[in-house]
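Data first, discussion second: the structure below is written as structure tokens.
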Amino acid sequence: MSTGTIVIIVIAAVVVVLLIAMLARAASQKRRTAHREQAGELREQARTRSIQAEDARASADEQAASARRAQAEADERAAQARQDRAAAERHAMVAEQESEAARAHHDQARAIDPDASDSGHDEALALDGQPERDAAPTEERTGVE
């Protein structure tokens, strides 16, 4: 082969190698650009997920606080109910003691009143708030009570 042909073949080979190198470099840059874009999208998704996670945490904290407030209110209502129940029981005990004292006074009055009935039926009706069965009170029933 002639020298000119060899030079042309070498030049063609160098051009082909340069073309391959340029194409490889362009492909590499294209891959890097695609990776950069993909990394940017992943970062954006990560930011979005972080915001969603923070929002979910805030919502959970708010619900927990609301549940704690509701529990505190329920505890307060229960304590108030216990206090009310205790007060009602105290009042019932006082009322029972007062009824017992009234009955004792009626018994004592009946014991010392010579004109009073011995049965105590009229006093019992009066204590219970029921009207006497006899229509007209007599002088015998208007004794000291």
Side-chain angles (χ1 to χ4, degrees), residues 6-145:
I6 293 177
V7 171
I8 292 178
I9 291 175
V10 169
I11 292 177
V14 169
V15 169
V16 169
V17 168
L18 285 176
L19 272 174
I20 291 174
M22 288 175 50
L23 289 175
R25 184 177 172 142
S28 174
Q29 285 180 345
K30 189 174 182 179
R31 274 194 309 271
R32 273 189 258 151
T33 302
H35 286 169
R36 282 187 193 108
E37 290 175 3
Q38 185 179 12
E41 289 172 4
L42 290 173
R43 285 186 191 99
E44 185 61 32
Q45 288 176 358
R47 271 191 296 270
T48 301
R49 294 273 172 102
S50 293
I51 291 169
Q52 290 172 345
E54 187 62 32
D55 187 43
R57 264 189 238 105
S59 179
D61 290 346
E62 184 179 336
Q63 285 179 339
S66 177
R68 284 190 299 273
R69 278 192 304 274
Q71 182 63 45
E73 289 171 4
D75 291 345
E76 184 178 342
R77 285 191 302 273
Q80 184 63 44
R82 285 190 301 271
Q83 287 176 346
D84 291 347
R85 186 174 37 247
E89 288 175 7
R90 280 192 306 273
H91 288 124
M93 287 174 51
V94 167
E96 184 62 31
Q97 290 170 353
E98 290 297 322
S99 292
E100 289 295 324
R103 284 189 185 104
H105 284 109
H106 280 290
D107 289 343
Q108 187 180 8
R110 193 174 49 253
I112 62 172
D113 187 358
D115 297 329
S117 165
D118 286 340
S119 71
H121 180 70
D122 295 335
E123 287 87 0
L125 289 175
L127 284 175
D128 291 339
Q130 296 179 1
E132 296 180 15
R133 292 191 180 186
D134 295 334
T138 62
E139 286 185 27
E140 294 177 357
R141 293 192 186 156
T142 57
V144 177
E145 293 187 31

Going by atom type alone, with no hydrogens or angles, which donor-acceptor pairs under 3.5 Å involve a side-chain atom of residues 83-94 and a protein atom two or more places apart or on another chain?
| residue | atom | partner | partner atom | Å |
| --- | --- | --- | --- | --- |
| Asp84 | OD1 | Gln80 | NE2 | 2.8 |
| His91 | ND1 | Ala87 | O | 2.9 |

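With Ser28 contributing its side chain and Ala24 its backbone, the two residues share no donor-acceptor pair below 3.5 Å.
Under a cut-off of 6.0 angstrom, the local environment of CD in Glu100 is crowded, with over 12 non-hydrogen atoms contributed by other residues, nucleotides or ligands.
For residues 59-72, the pairs satisfying side chain to side chain donor-acceptor pair (under 3.5 Å) are Gln71-Asp75, with sequence neighbours left out.
Listed by chain and number, the residues in a side-chain contact (heavy atoms from CB on, under 4.5 Å) with Arg49 are Gln52 (sequence neighbours excluded). Listed by chain and residue number, nothing satisfies the salt bridge (charged side-chain N to carboxylate O under 4.0 Å, His left out) test with Glu73 (two or more places apart in sequence, or in another chain). Residues that satisfy the salt bridge (charged side-chain N to carboxylate O under 4.0 Å, His left out) test with Arg47, not counting sequence neighbours, are Glu44. Ile112 pairs by the side-chain contact (heavy atoms from CB on, under 4.5 Å) definition with nothing, not counting sequence neighbours.
Taken from NE2 in His35 to CG in Leu42, the straight-line distance is 11.0 Å, to the nearest 0.5 Å. Atom CE of Met22 and atom CD1 of Ile20 lie 12.0 Å apart (nearest 0.5 Å). Atoms CD and CD1, on Glu54 and Ile51 in that order, are 9.5 Å from each other to the nearest 0.5 Å.
Using a 4.5 Å heavy-atom cutoff, the side chains of Ser99 and Arg103 are in contact.
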